[in-house]
Amino acid sequence: MPFPDFFGALEAFAVSERFRAEAYEKAGPENRALAKDHIAFLHSFWGEGHMVGKRLQGKLSGGKAYELSSQGADWLVLFLAPGFASAPELIAVLMPALLAGVSRIAVCLQVERTEDEISPVALAALDLLGLDEVYFLAPERMREFFSEALRSNRQKQGRVIGLGFSLDDFTATGDSFLIFPSRLRLGIRPGAYAEKILQAHPKAELVAVSGLEDLNGPFDAFFCQEDDGRAGEYPVFLILRPGQEHLWLWESLDPAFFVNSRLILS
(Lines give C-alpha, C1' and ligand atoms only; values in the text may rest on other atoms or scores of the structure.)
Protein backbone atom coordinates (compact mmCIF):
# COMPACT_ATOMS: atom_id res chain seq x y z
CA MET A 1 0.00 0.00 0.00
CA PRO A 2 1.20 3.61 -0.51
CA PHE A 3 2.19 5.78 2.45
CA PRO A 4 0.44 4.69 5.67
CA ASP A 5 -2.85 6.54 5.26
CA PHE A 6 -2.85 7.13 1.50
CA PHE A 7 -6.36 5.84 0.87
CA GLY A 8 -7.60 7.34 4.10
CA ALA A 9 -6.39 10.76 2.96
CA LEU A 10 -8.19 10.31 -0.37
CA GLU A 11 -11.52 9.72 1.31
CA ALA A 12 -11.97 13.44 1.92
CA PHE A 13 -12.17 13.92 -1.86
CA ALA A 14 -14.56 11.08 -2.69
CA VAL A 15 -17.14 11.69 -5.42
CA SER A 16 -20.62 11.60 -3.93
CA GLU A 17 -22.99 8.77 -4.82
CA ARG A 18 -25.55 11.35 -5.93
CA PHE A 19 -23.13 12.98 -8.36
CA ARG A 20 -22.17 9.59 -9.80
CA ALA A 21 -25.81 8.55 -10.16
CA GLU A 22 -26.60 11.77 -12.03
CA ALA A 23 -23.59 11.25 -14.30
CA TYR A 24 -24.70 7.68 -15.01
CA GLU A 25 -28.06 8.95 -16.24
CA LYS A 26 -26.51 11.81 -18.24
CA ALA A 27 -24.25 9.35 -20.07
CA GLY A 28 -27.33 7.89 -21.75
CA PRO A 29 -28.27 4.31 -22.66
CA GLU A 30 -26.36 4.29 -25.96
CA ASN A 31 -23.03 5.24 -24.39
CA ARG A 32 -23.56 2.79 -21.55
CA ALA A 33 -24.33 0.01 -24.03
CA LEU A 34 -21.12 0.75 -25.97
CA ALA A 35 -19.10 0.68 -22.75
CA LYS A 36 -20.64 -2.66 -21.76
CA ASP A 37 -19.78 -4.12 -25.17
CA HIS A 38 -16.18 -2.90 -24.83
CA ILE A 39 -15.89 -4.47 -21.36
CA ALA A 40 -17.25 -7.77 -22.68
CA PHE A 41 -14.83 -7.67 -25.62
CA LEU A 42 -11.76 -7.19 -23.41
CA HIS A 43 -12.98 -9.86 -21.01
CA SER A 44 -13.20 -12.29 -23.92
CA PHE A 45 -9.92 -11.10 -25.48
CA TRP A 46 -7.78 -11.61 -22.37
CA GLY A 47 -9.85 -14.14 -20.41
CA GLU A 48 -10.61 -14.02 -16.73
CA GLY A 49 -7.93 -14.84 -14.20
CA HIS A 50 -5.35 -16.11 -16.67
CA MET A 51 -2.53 -14.53 -14.66
CA VAL A 52 -3.99 -14.64 -11.17
CA GLY A 53 -2.76 -16.80 -8.31
CA LYS A 54 -0.54 -19.10 -10.37
CA ARG A 55 2.17 -21.20 -8.76
CA LEU A 56 4.65 -23.42 -10.58
CA GLN A 57 7.04 -25.83 -8.87
CA GLY A 58 9.74 -28.06 -10.30
CA LYS A 59 13.39 -29.03 -10.45
CA LEU A 60 16.16 -27.68 -12.66
CA SER A 61 18.82 -29.77 -14.39
CA GLY A 62 21.28 -29.26 -11.52
CA GLY A 63 18.84 -30.68 -9.01
CA LYS A 64 17.81 -27.32 -7.59
CA ALA A 65 14.12 -26.90 -6.86
CA TYR A 66 12.21 -23.76 -7.75
CA GLU A 67 8.86 -22.18 -7.06
CA LEU A 68 7.47 -19.44 -9.30
CA SER A 69 4.33 -17.67 -8.09
CA SER A 70 2.31 -14.75 -9.43
CA GLN A 71 -0.58 -12.65 -8.21
CA GLY A 72 -2.23 -9.34 -8.99
CA ALA A 73 -0.61 -6.15 -7.72
CA ASP A 74 -1.66 -4.91 -4.29
CA TRP A 75 -3.13 -1.71 -5.67
CA LEU A 76 -3.51 0.63 -8.65
CA VAL A 77 -3.89 4.39 -8.48
CA LEU A 78 -5.06 5.87 -11.78
CA PHE A 79 -4.78 9.63 -12.31
CA LEU A 80 -7.00 11.20 -14.99
CA ALA A 81 -6.21 14.54 -16.61
CA PRO A 82 -8.67 17.46 -16.48
CA GLY A 83 -11.36 17.19 -19.13
CA PHE A 84 -10.67 13.52 -19.79
CA ALA A 85 -13.72 12.10 -21.58
CA SER A 86 -12.83 8.87 -23.40
CA ALA A 87 -14.57 5.79 -22.00
CA PRO A 88 -12.71 3.41 -24.37
CA GLU A 89 -9.28 4.69 -23.31
CA LEU A 90 -10.30 4.47 -19.65
CA ILE A 91 -11.75 0.96 -19.88
CA ALA A 92 -8.64 -0.24 -21.75
CA VAL A 93 -6.52 0.73 -18.73
CA LEU A 94 -8.76 -0.65 -16.01
CA MET A 95 -9.94 -3.95 -17.49
CA PRO A 96 -6.49 -5.58 -17.56
CA ALA A 97 -6.00 -4.52 -13.93
CA LEU A 98 -9.30 -6.10 -12.92
CA LEU A 99 -8.54 -9.28 -14.87
CA ALA A 100 -5.11 -9.53 -13.23
CA GLY A 101 -6.76 -9.45 -9.82
CA VAL A 102 -5.43 -6.12 -8.54
CA SER A 103 -6.61 -5.93 -4.95
CA ARG A 104 -7.54 -2.25 -4.75
CA ILE A 105 -8.13 0.38 -7.44
CA ALA A 106 -8.46 4.12 -6.85
CA VAL A 107 -9.27 6.56 -9.65
CA CYS A 108 -8.34 10.23 -9.17
CA LEU A 109 -9.83 12.80 -11.54
CA GLN A 110 -8.20 16.21 -11.76
CA VAL A 111 -10.70 19.07 -11.54
CA GLU A 112 -9.60 22.63 -12.28
CA ARG A 113 -12.68 24.54 -11.09
CA THR A 114 -15.88 22.52 -10.82
CA GLU A 115 -17.04 18.92 -10.77
CA ASP A 116 -19.12 19.63 -13.88
CA GLU A 117 -15.93 19.43 -15.94
CA ILE A 118 -15.89 15.66 -15.51
CA SER A 119 -17.29 13.62 -18.38
CA PRO A 120 -20.45 11.70 -17.38
CA VAL A 121 -19.50 9.03 -19.92
CA ALA A 122 -16.17 8.40 -18.13
CA LEU A 123 -17.88 8.29 -14.72
CA ALA A 124 -20.52 5.88 -16.04
CA ALA A 125 -17.75 3.61 -17.32
CA LEU A 126 -16.29 3.47 -13.79
CA ASP A 127 -19.69 2.43 -12.44
CA LEU A 128 -20.03 -0.29 -15.07
CA LEU A 129 -16.59 -1.60 -14.07
CA GLY A 130 -17.76 -1.81 -10.47
CA LEU A 131 -15.20 0.68 -9.11
CA ASP A 132 -16.21 2.49 -5.93
CA GLU A 133 -13.09 4.50 -5.06
CA VAL A 134 -13.35 7.60 -7.26
CA TYR A 135 -11.98 10.98 -6.19
CA PHE A 136 -11.92 14.59 -7.39
CA LEU A 137 -8.59 16.35 -6.85
CA ALA A 138 -7.47 19.91 -7.51
CA PRO A 139 -4.21 20.19 -9.52
CA GLU A 140 -1.98 20.75 -6.49
CA ARG A 141 -3.57 17.80 -4.69
CA MET A 142 -3.18 15.64 -7.77
CA ARG A 143 0.57 16.24 -7.87
CA GLU A 144 0.86 15.65 -4.14
CA PHE A 145 -0.88 12.27 -4.25
CA PHE A 146 0.87 11.29 -7.47
CA SER A 147 4.32 11.97 -6.06
CA GLU A 148 3.57 10.20 -2.80
CA ALA A 149 2.18 7.12 -4.55
CA LEU A 150 5.38 6.83 -6.61
CA ARG A 151 7.67 7.50 -3.67
CA SER A 152 6.06 4.85 -1.53
CA ASN A 153 6.01 2.21 -4.27
CA ARG A 154 9.72 1.43 -4.24
CA GLN A 155 9.01 -2.27 -3.74
CA LYS A 156 6.75 -2.13 -6.83
CA GLN A 157 3.88 -3.92 -5.14
CA GLY A 158 1.45 -1.39 -6.63
CA ARG A 159 1.01 0.41 -9.94
CA VAL A 160 0.62 4.09 -10.83
CA ILE A 161 -0.81 5.27 -14.16
CA GLY A 162 -1.45 8.72 -15.60
CA LEU A 163 -4.06 8.91 -18.38
CA GLY A 164 -4.60 11.90 -20.63
CA PHE A 165 -1.55 13.85 -19.46
CA SER A 166 1.42 15.01 -21.49
CA LEU A 167 4.83 13.67 -20.62
CA ASP A 168 5.74 17.09 -19.21
CA ASP A 169 2.94 17.07 -16.63
CA PHE A 170 4.67 14.58 -14.37
CA THR A 171 8.24 13.39 -14.11
CA ALA A 172 8.61 9.75 -13.14
CA THR A 173 10.49 6.62 -14.04
CA GLY A 174 10.20 2.94 -13.29
CA ASP A 175 8.43 -0.10 -14.62
CA SER A 176 5.57 0.23 -12.11
CA PHE A 177 4.54 3.54 -13.68
CA LEU A 178 2.95 4.33 -17.06
CA ILE A 179 1.65 7.50 -18.66
CA PHE A 180 -0.62 7.55 -21.69
CA PRO A 181 -0.87 10.47 -24.13
CA SER A 182 -3.22 13.41 -23.86
CA ARG A 183 -4.01 13.24 -27.58
CA LEU A 184 -4.14 10.17 -29.80
CA ARG A 185 -3.10 10.34 -33.44
CA LEU A 186 -5.52 8.23 -35.45
CA GLY A 187 -5.27 7.41 -39.14
CA ILE A 188 -8.57 7.33 -41.02
CA ARG A 189 -8.94 5.36 -44.20
CA PRO A 190 -11.75 6.19 -46.67
CA GLY A 191 -15.05 4.89 -45.31
CA ALA A 192 -14.27 5.40 -41.63
CA TYR A 193 -16.78 7.31 -39.52
CA ALA A 194 -15.03 10.39 -38.16
CA GLU A 195 -17.97 11.51 -36.01
CA LYS A 196 -18.17 8.21 -34.14
CA ILE A 197 -14.41 8.11 -33.70
CA LEU A 198 -14.39 11.58 -32.12
CA GLN A 199 -17.28 10.58 -29.88
CA ALA A 200 -15.12 7.78 -28.51
CA HIS A 201 -11.87 9.80 -28.50
CA PRO A 202 -12.86 13.48 -28.15
CA LYS A 203 -9.29 14.82 -28.06
CA ALA A 204 -7.86 12.70 -30.88
CA GLU A 205 -6.15 14.07 -33.95
CA LEU A 206 -7.69 12.49 -37.07
CA VAL A 207 -5.43 12.14 -40.10
CA ALA A 208 -6.85 11.10 -43.48
CA VAL A 209 -4.71 8.36 -45.02
CA SER A 210 -5.23 7.08 -48.56
CA GLY A 211 -2.11 4.94 -48.78
CA LEU A 212 1.32 4.24 -47.38
CA GLU A 213 2.61 7.33 -49.12
CA ASP A 214 0.48 9.45 -46.76
CA LEU A 215 2.12 8.19 -43.59
CA ASN A 216 3.78 11.00 -41.68
CA GLY A 217 4.96 10.11 -38.20
CA PRO A 218 3.63 7.47 -35.80
CA PHE A 219 -0.04 6.60 -35.39
CA ASP A 220 -1.84 5.10 -32.39
CA ALA A 221 -4.40 3.25 -34.53
CA PHE A 222 -6.01 3.07 -37.96
CA PHE A 223 -9.73 3.06 -38.70
CA CYS A 224 -10.54 1.34 -41.98
CA GLN A 225 -13.61 0.43 -43.99
CA GLU A 226 -15.02 -3.10 -43.80
CA ASP A 227 -13.56 -4.35 -47.10
CA ASP A 228 -10.27 -2.45 -46.93
CA GLY A 229 -7.77 -4.83 -48.49
CA ARG A 230 -4.80 -2.70 -47.46
CA ALA A 231 -5.53 -2.70 -43.72
CA GLY A 232 -2.71 -5.11 -42.98
CA GLU A 233 -0.11 -2.91 -44.65
CA TYR A 234 -0.11 -0.16 -42.06
CA PRO A 235 2.63 -0.29 -39.37
CA VAL A 236 0.43 0.15 -36.33
CA PHE A 237 -0.67 -2.03 -33.41
CA LEU A 238 -4.43 -1.48 -33.65
CA ILE A 239 -6.64 -1.54 -36.75
CA LEU A 240 -10.40 -1.07 -36.33
CA ARG A 241 -13.34 -1.14 -38.72
CA PRO A 242 -16.83 0.45 -38.84
CA GLY A 243 -18.84 -0.48 -35.76
CA GLN A 244 -15.68 -0.84 -33.66
CA GLU A 245 -15.11 2.84 -32.91
CA HIS A 246 -15.91 2.26 -29.23
CA LEU A 247 -13.23 -0.41 -28.81
CA TRP A 248 -9.67 0.29 -27.69
CA LEU A 249 -6.51 -1.43 -26.47
CA TRP A 250 -3.22 0.10 -25.38
CA GLU A 251 -0.25 -1.54 -27.07
CA SER A 252 1.93 -1.42 -23.96
CA LEU A 253 -0.71 -2.58 -21.49
CA ASP A 254 -2.19 -5.99 -20.73
CA PRO A 255 -2.94 -7.96 -17.53
CA ALA A 256 0.71 -9.02 -17.22
CA PHE A 257 1.68 -5.42 -16.34
CA PHE A 258 -0.41 -5.69 -13.17
CA VAL A 259 1.03 -9.01 -11.98
CA ASN A 260 3.74 -9.37 -9.33
CA SER A 261 5.91 -12.48 -9.64
CA ARG A 262 8.28 -14.17 -7.20
CA LEU A 263 10.90 -16.84 -7.93
CA ILE A 264 12.32 -18.92 -5.06
CA LEU A 265 15.25 -21.30 -5.60
CA SER A 266 16.23 -23.96 -3.10
Side-chain angles (χ1 to χ4, degrees), residues 1-2 6-7 10-11 14-15 17 20-21 23-24 27 31-55 69-81 84-109 118-136 145-146 149-150 153 156-165 175-180 200-201 237-238 244 246-262:
M1 186 177 289
F6 183 90
F7 290 106
L10 276 175
E11 288 178 3
V15 181
E17 292 185 8
R20 293 186 64 173
Y24 188 86
N31 285 322
R32 295 197 300 267
L34 291 174
K36 290 177 183 178
D37 185 71
H38 188 198
I39 292 169
F41 163 72
L42 293 178
H43 191 284
S44 175
F45 181 77
W46 280 311
E48 184 176 7
H50 77 298
M51 296 290 292
V52 180
K54 289 198 172 182
R55 176 171 295 180
S69 61
S70 62
Q71 63 179 18
D74 291 349
W75 50 266
L76 162 66
V77 182
L78 173 62
F79 295 91
L80 297 184
F84 182 85
S86 174
E89 295 169 35
L90 177 61
I91 292 170
V93 167
L94 292 169
M95 269 300 288
L98 290 168
L99 292 172
V102 174
S103 300
R104 188 170 192 176
I105 298 176
V107 181
C108 302
L109 302 94
I118 300 300
S119 164
V121 178
L123 280 175
L126 295 176
D127 278 345
L128 292 171
L129 289 167
L131 298 177
D132 298 324
E133 297 191 64
V134 183
Y135 308 96
F136 286 151
F145 278 102
F146 181 87
L150 286 176
N153 193 32
K156 301 178 182 177
Q157 295 304 298
R159 301 292 186 272
V160 182
I161 293 180
L163 181 56
F165 294 96
D175 55 10
S176 64
F177 165 78
L178 284 177
I179 188 166
F180 291 100
H201 306 280
F237 167 70
L238 185 61
Q244 300 173 344
H246 63 293
L247 304 180
W248 189 256
L249 292 93
W250 296 104
E251 181 177 6
S252 58
L253 192 64
D254 62 22
F257 173 77
F258 297 99
V259 172
N260 293 329
S261 297
R262 177 178 289 107

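In this chain, residues are counted from 1 in sequence order.
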Which heavy atom of [X] sits nearest a heavy atom of [Y], and at what distance?
X      : Y      : value
Leu34  : His246 : O-CD2, 3.2 Å
Ser119 : Phe84  : CB-O, 3.5 Å
Ala200 : Ser86  : O-OG, 2.8 Å
Ala124 : Ala27  : CB-CB, 3.6 Å
Ile179 : Phe165 : CD1-CB, 3.7 Å
Ala122 : Leu90  : O-CD2, 3.5 Å

Mind checking whether [X] and [Y] have side chains closer than 4.5 Å, heavy atoms only?
X      : Y      : result
Leu128 : Ile91  : no
Val77  : Phe145 : no
Ile161 : Phe257 : yes
Glu251 : Leu238 : no
Asp37  : Leu247 : yes
Leu99  : Phe45  : no
Trp75  : Val160 : yes
Ile118 : Leu80  : no

Evaluate side chain to side chain contact (heavy atoms under 4.5 Å, CB included) for Ile105 paired with Leu78, printing each intermediate quantity in order. CA-CA 8 Å; Ile105 298 176; Leu78 173 62; 5.6 Å; no
Given side chain to side chain contact (heavy atoms under 4.5 Å, CB included), test Phe146 with Cys108 step by step and report yes or no. CA-CA 9 Å; Phe146 181 87; Cys108 302; over 6 Å; no
Arg20: which residues meet the salt bridge (Lys or Arg N to Asp or Glu O under 4.0 Å) condition with it, sequence neighbours left out? Asp127
Just verifying a value: how many Å separate Arg104 CZ and Phe7 CZ, rounded to the nearest 0.5 Å? 5.0 Å
Whether Trp248 and Trp250 hold their rings parallel, tilted or perpendicular, with breakpoints at 30° and 60°: perpendicular
